Amino acid sequence: MTVEKGIFGNIDKNKSVEYFVLKNKSGMEAKVITLGATLVSLTAADKNGKFADVVLGYDDAASYMDNSCYFGCTVGRIANRIKDAKFKLDGREYKLTVNSGKNQLHGGIVGFGRVLWKAEPFAEGNGGQGVLFKYSSPDGEEGYPGNLDVKVTYTLTDDNELKIEYVAVTDKTTVVNLTNHSYFNLAGHNSGRDILSHQLQINSDTITESDSDLIATGKLAKVENTAYDFRKPKALGADIKKLDNGYDINYVLIKKSLAELSFTAKAVEPNSGRVMEIYTTEPGVQLYTGNFLDGIKGKGGAVYNKQTAFCLETQHYADSPNKPEFPSVVLRPGETYRHLTVHKFSVQ
Ligand code: GLA
C-alpha cells in the first residue's frame, strides 16, 4: 500500500506544503506535513473502537507558518529556553536570535518548525508506513554554528506505535537538542474537555528547577512531596492549582544508561480508556500543560483553551548549552546525533 499524499496548502504564494497520511492495519492514521515536519493529526481508538484525533492542530498552512504554540512541529536546533540567547562553545561566545523576552525559545524566530522540509514517504515491508523528512540548516542560522543536516522519520507501525527518529550531522562543532511539540488530548482535540482528569505517570523522581522566567537554574530538585510528583499515576489536575500557572517543567528520566530507549511516561484518559505510553532515548522530558492556550482557533472549528492539552517533549534538559553539569548537547564533526521517541497507543 502506498502512502497517501497531496497538497496541504501554499505559503509564500508559490511554495506548496505537502501532506502524507500514514495508516496501519488497525485503522490508526497519522498525517504529517512538510512545513516544520509537523504532525497535524493522529487518530487513536477508544475502548469501544471509536477513533478520535488526539492532537491539536490547524486546517491551513498559513496558521502553521505562525504557529506560536508550536502545535505538532519539529523543534530545533535547541528545544526549550536558552538564557539570554547566548552560549559559549570551545571558548567562543555565540549570540542567538531572541524570540522570548531576552531569551531564545525553541530554536529562534523561524526555527525548524516554520521551514519546508524535503519528504520521502515509504511503506515498511512488515506493515506500517513512514515519511523521512530532511532539512539542511545553514551555518549561522538563528546564530548557531555549522551546517547541520537533519533527518526526521515518522513511522506508524501495526503495533499502534508512532515512532519519531532524529539524526543530525554537522561540519562544525555545534549544539543540537531536537524534539516534537505535539499537544495531546486523549479525549479528542475537539472534545471540549480539559486534560485535568488524565492520569499521568512519569518515570522520574527529579526535575530541573527553573526560575520565574521558566529558565533552568542548573539545580536539580526531588519531586517527593511536591505537585511535580508523578512517580505513581496521578490526575493532571490533582495538584495543578498548587502551581502558579500549571506544569511547564523538565523531568530527569530514570535510566540505566544515558541513551537507552526506556519508559518515559504513560497517560490515560479515563472516559475513553485511551492510553499513550512514551519511550525515549533522551535524558529528559518537558511536561507542559497548555497553560498559554487562550481561545486558539484550531482544526474543524475547535477552540483550544487553557489546559485543554498537554505536551510531553522528550529532550535534553532545558538550557543545556549553558549548563556544563547537564548531559552534553554538543555535536562535533564526525559524530551523529540520534534520538528515538516512541508513542504507543492502547486502551484500558
Ligand atoms: C514549551 C515551553 C512552554 C511554552 C510552549 C509553547 O513547552 O516549555 O513554556 O513556551 O513550549 O507555547
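Counting convention: from 1, in listed order, for ligands and their atoms alike. What you see is a predicted model; the values in this text were computed from it and never measured.
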Notebook entry, point to check: Do we see a donor-acceptor contact under 3.5 Å between the side chains of Asp194 and Gln307?
Noted result: no
Next item on the list: Find out whether the Lys NZ or Arg CZ of Lys5 is both under 6.0 angstrom from the six-membered ring centre of Phe20 and within 45° of the ring's axis.
Entry: no
Item checked: Arg77 to Tyr337, cation-pi by 6.0 Å centre distance and 45° axis angle -> no
Check: Taking the minimum heavy-atom distance to atom 5 (C) of ligand 1, which of Gln315, Gln286, His181 ranks first?
Finding: His181
Can you sort out which atoms of ligand 1 are near [X], meaning under 4.0 Å from one of its heavy atoms?
| X | answer |
| --- | --- |
| Glu313 | 1 (C), 7 (O) |
| Tyr183 | 6 (C), 12 (O) |
| Leu105 | 10 (O) |
| Phe292 | 4 (C), 9 (O) |

Report the nearest protein non-hydrogen atom to [atom]: residue, atom name, distance rounded to 0.1 Å.
| atom | result |
| --- | --- |
| atom 8 (O) of ligand 1 | Asp248 OD1, 2.5 Å |
| atom 1 (C) of ligand 1 | His106 NE2, 3.1 Å |
| atom 10 (O) of ligand 1 | Arg81 NH2, 3.1 Å |

Next item on the list: Using distance alone, decide if ligand 1 has a nitrogen or oxygen within less than 3.5 Å of any nitrogen or oxygen in Asn80.
Entry: no
Notebook entry, point to check: Only one of His106, Glu141, Glu142 clears side-chain contact (heavy atoms from CB on, under 4.5 Å) with Phe112; which?
Noted result: Glu141
Notebook entry, point to check: Within a strict 4.5 Å, meaning less than it, do heavy atoms of the Phe122 and Thr155 side chains meet?
Noted result: yes
Next item on the list: Measure from the side-chain N and O atoms of Asn147 to the backbone N and O of Asp171, and report whether any donor-acceptor pair falls under 3.5 Å.
Entry: no
Notebook entry, point to check: Taking Tyr183 for the side chain and Cys69 for the main chain, is one N or O donor matched with an acceptor at less than 3.5 Å?
Noted result: yes
